[in-house]
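For reference, the structure discussed in these notes is given below.
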Amino acid sequence: MNSKKTRGWNSYLDWAALRAGAYNASAPELWEPVFVRSNDAQISTTDFFVTVDARSDYAYDPFEQAYNDEYRVNGAPVEAFLLRKHKKTRPSNAFETSIEVLHVGALSTRSDTVRPPMSPSRNSNPVPAAIGIIDDGIAYLHPRFQKGLGQTRFAGAFLQTLPALTNSGLELSGADINGDLARLASSSEDEIYRTRNAGLYDPLTRHGMRQTATHGTLMLDLAAGADPLASEDAAMRDVPLLMVQLPPEAFEDTSGVRMQTHILQGLRWMIHRAFASGLSDELVVNISLGITASAKNGKSFLSQQIKREIERVANHYNGSKTLELVFAYGNAYDDGLIARAALPAASSASVSVALQPDDHTPSFVELRLTDQSAETKPKRIEVTLTAPDGTSATRTLRKGRHVTFFGTPKAPIARLYHTAAREIWEGEKDPAFLTLAFAPTTSRKTDEALAASGLWTISCRNVSSAAMDLTLQVQRDDSPFGRNTGARQAYFDDAHARAWNQELRDFSGLAPTSALTNEGSNSAFSTVSHDNVHTVGAAIVRHHEVTPARYTAQGADWSGNVPDASAIAETSRATAGVLAAGTFANGAVRLSGTSAAAASFTRHLVQPAQTAQVSDDFDRLGTMTVLTNPSIKGERTRL
């Protein structure tokens, strides 16, 4: 059981590439998005992209050059997303040494179709604020997003795709959407969406616009929906909208690896569209998405780059323009996704991860040392993995290497990875960590290696002389809707995870002796440390009595900030969620979650609502709760 150097950027990408056959001699040509900065801060933006153009193994969306033309500071490096041909070993040449790669996204195929850059006319009289959303399945034809019947509030829409069909997707102007609205006289909403999506996605691609309920539509209704005819909604109807619809594959990827690249690409597009064209003085962006596992200390690539984009806007416009982001705090409070162990020298701790039967997706567990740990090197963690049948394997790993615990190197069932620390910006490092990767437990392929469903026991021993503070986190997304991918996601279990819960009067509690914990269950996207970033928990609001929704995540001393605030997401313990717009006109959907709360808080930032100070549960509710939202159907009669 020899360890090998990992070829992929990290454990998630290496595992996905291996299982996709990217390392085979007969592999198809695959490409990967990379975020780079130029080592030469003096190179002109034009010269940089001319150099990229000259290479056959790189490509880029023309928007990247437009963004740098607008926002690059003199004497600062070029920062851009490029598309790079995947190779088993990166070549050493002049161009490769002229850039630093800060992030790599998931593999896909590529065609030569390029999205033409759109240059919206500049507005000399910007409105005070615009609302943006980055999500999946956004019904841009819905009446709730019209200024008047047949007249959209959208100033722009970006329907993203993987590089399979175009470099990045389709951009729609407000005039384009008004044209689609005019087609409603002879075609249904469904027909128009199907026509648009046929040009974006392969025929069998699952996408949200086939569903009667879509997450993005409901979120945007809560954040900015307005009746196009009601006088009381006139103020919100004057707020323009921007939308970025994620590729379906990114939204379906339970590890969240695809999602982060597209979120940042979409955010940069939205910044340019809102401010370079003079649309608004403020842009409030709702991102009700999340994943569980991470260092959660604000040093990930996503966290650091979001801070840079916020500060880029402030500096470029000398404070006259403002970018604010709203994130959901997370719904994983009771999901059994977090375990924590204090490990003195030479001590051990164990926890089991349950891989569910009929799961078509891989499972991942991250092992991380917190900032409270005296030992900072994950290579000093000895990991023993025991399969449901009792067989086991034990290993420590050097940085940047992996070992196959079960299965074969070419058809692994379980692997242990060591991902080395990476410096992103100005000495800030995304710390090193270990990952256990598991194969699916079922597959439609006849030749795919599968993991046994059941309890896999993870034992960790501290082989250093310093004390460890260790967390184990199941990596999964934070979706409120069921998946069509066949995902039945993993969770932790142990003998003390069935204690009596006095509140619910059942055995759903955690005993003090359990390795499992509710603390640190917040989303990894909620740890951006900046005054313009707001993280929001979900509250049950009944007769103005405020308590945390049962699923609302809880912070910990190692997991970044507690939520800044909370908002209404439940009005009853008997009926879950709040009602807002479905995908199609006149439809209604009930949805729970901190995602719904984040959307209500987004609305509050633009159109202040009734609030109350929080007196307890600050680590789940923040300091203030938004009590009302006029977009919740029946809200006025319920509160």
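- Using bins of under 30°, 30° to 60° and over 60° for the plane-to-plane angle, the ring pair F601/H534 lands in the tilted bin.
- Without hydrogens or angle criteria, N462 side chain to L343 main chain gives a donor-acceptor distance under 3.5 Å.
- A donor-acceptor distance shorter than 3.5 angstrom exists from the side chain of T214 to the backbone of G137, with no hydrogens or angles considered.
- The minimum heavy-atom distance linking G298 with S303 is given by the pair O-CB, 3.5 Å.
- Each of N522, T527, T370, D619 was evaluated against S559; a single residue qualifies, N522, per the side-chain hydrogen bond (donor to acceptor under 3.5 Å, both in side chains) test.
- At distances below 3.5 Å, at least one donor-acceptor pair connects side-chain atoms of R603 with backbone N or O atoms of D221.
- The environment of D389 atom CG is dense: over 12 non-hydrogen atoms of other residues, nucleotides or ligands sit within 6.0 angstrom.
- For D493 against V351, the heavy-atom pair with the smallest separation is O-CG2, 3.8 Å.
- The closest donor-acceptor contact from the side chain of K399 to the backbone of A432 lies at 3.5 Å or more, if one exists at all.
- Scanning both residues, V578 and A596, for their nearest heavy atoms gives CG2-CB, 4.4 Å.
- No hydrogens or angles considered: a donor-acceptor pair under 3.5 Å links the side chains of T535 and D564.
- In this structure, the side chain of R395 does not engage the main chain of L385 through any donor-acceptor pair within 3.5 Å.
- Two residues are said to be in side-chain contact when any heavy atoms from C-beta on lie closer than 4.5 Å; V562 and F618 fail this criterion.
- Side-chain atoms of S464 come within 3.5 Å of backbone N or O of A466 as a donor-acceptor pair.
- Listed for the E382 side chain is no donor-acceptor partner under 3.5 Å among the backbone atoms of T396.
- For the residue pair D494/S514, the side-chain donor-acceptor check at 3.5 Å is satisfied.
- What you find for V474 and A490 is that their closest heavy atoms are CG1-O, 3.6 Å.
- Comment: E570 does not engage R550 in a salt bridge, judged by the lack of any side-chain N to carboxylate O separation of less than 4.0 angstrom.
- Contact annotation: the side chain of Y491 approaches that of Q356 to within less than 4.5 Å [non-hydrogen atoms, C-beta and beyond].
- Between D14 and R7, the shortest heavy-atom contact is OD1-N, 3.6 Å.
- Side-chain contact between Y551 and S592 is present, with heavy atoms from C-beta onward closer than 4.5 Å.
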For N331 and T594: C-alpha separation, side-chain torsions, deciding distance, then whether side-chain hydrogen bond (donor to acceptor under 3.5 Å, both in side chains) applies.
CA-CA 6 Å; N331 303 323; T594 55; 2.8 Å; yes
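- Of the residues listed (S350, S348, S392), the one engaging T384 in a side chain to side chain contact (heavy atoms under 4.5 Å, CB included) is S392, and it is the only one.
- Side-chain contact between W558 and R368 is absent, with no heavy atoms from C-beta onward closer than 4.5 Å.
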Derivation of the side chain to side chain contact (heavy atoms under 4.5 Å, CB included) call for H402 and S11:
CA-CA 8 Å; H402 69 262; S11 51; over 6 Å; no
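- Residue N286 holds its CG atom at 9.5 Å from OG of S600, rounded to the nearest 0.5 Å.
- Atom CG of N10 is separated from atom CG of D430 by 9.5 Å, given to the nearest 0.5 angstrom.
- A distance of 6.0 Å or more separates the ring centres of W456 and F405.
- In D506, the CG atom is crowded: over 12 heavy atoms of neighbouring residues, nucleotides or ligands sit closer than 6.0 Å.
- Once rounded to the nearest 0.5 Å, the distance linking CG of L289 with CD1 of I134 reads 8.0 Å.
- Two residues are said to be in side-chain contact when any heavy atoms from C-beta on lie closer than 4.5 Å; I133 and T602 fail this criterion.
- For the atom pair CG (D135) and OG (S288), the distance works out to 6.5 Å, reported to the nearest 0.5 Å.
- At least one donor-acceptor pair under 3.5 Å links the side chain of Q475 to the backbone N or O of A293.
- For the atom pair OG (S526) and CD1 (I291), the distance works out to 10.5 Å, reported to the nearest 0.5 Å.
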Assess whether side chain to side chain contact (heavy atoms under 4.5 Å, CB included) is satisfied between M468 and S373, documenting all intermediate values.
CA-CA 5 Å; M468 289 182 176; S373 184; 4.1 Å; yes
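- Side-chain polar atoms of T625 and S566 form a donor-acceptor pair below 3.5 angstrom.
- The shortest distance between side-chain heavy atoms of L337 and Q473 does not fall below 4.5 Å.
- Residue S521 holds its OG atom at 11.5 Å from CG of L516, rounded to the nearest 0.5 Å.
- W15 and F364 have perpendicular rings, their planes meeting at more than 60° on a 0 to 90° scale where under 30° would count as parallel.
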Assess whether side-chain hydrogen bond (donor to acceptor under 3.5 Å, both in side chains) is satisfied between R401 and S3, documenting all intermediate values.
CA-CA 6 Å; R401 302 186 75 86; S3 68; 3.0 Å; yes
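- The backbone N or O of T552 sits less than 3.5 Å from a side-chain atom of R620, completing a donor-acceptor pair.
- For D557, the salt bridge (Lys or Arg N to Asp or Glu O under 4.0 Å) criterion is met by R340, not counting sequence neighbours.
- Within the 4.5 Å cutoff, no side-chain heavy atoms of H103 are placed close to those of L264.
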Step by step, work out the side chain to side chain contact (heavy atoms under 4.5 Å, CB included) result for V365 and F492.
CA-CA 10 Å; V365 176; F492 287 131; 3.8 Å; yes
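- You'll find the side chain of E519 stays beyond 4.5 Å of the side chain of I338, heavy atoms only.
- Between Y12 and E366 the shortest heavy-atom distance is OH-OE2, 2.6 Å.
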Quick one: do T391 and F406 satisfy side chain to side chain contact (heavy atoms under 4.5 Å, CB included)? Show the steps, please.
CA-CA 9 Å; T391 57; F406 293 91; 3.4 Å; yes
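- Every residue two or more places apart in sequence or in another chain was checked for a ring pair (Phe, Tyr, Trp, His ring centres under 6.0 Å) with H418, and none qualifies.
- Listed for the N629 side chain is a donor-acceptor partner under 3.5 Å among the backbone atoms of L222.
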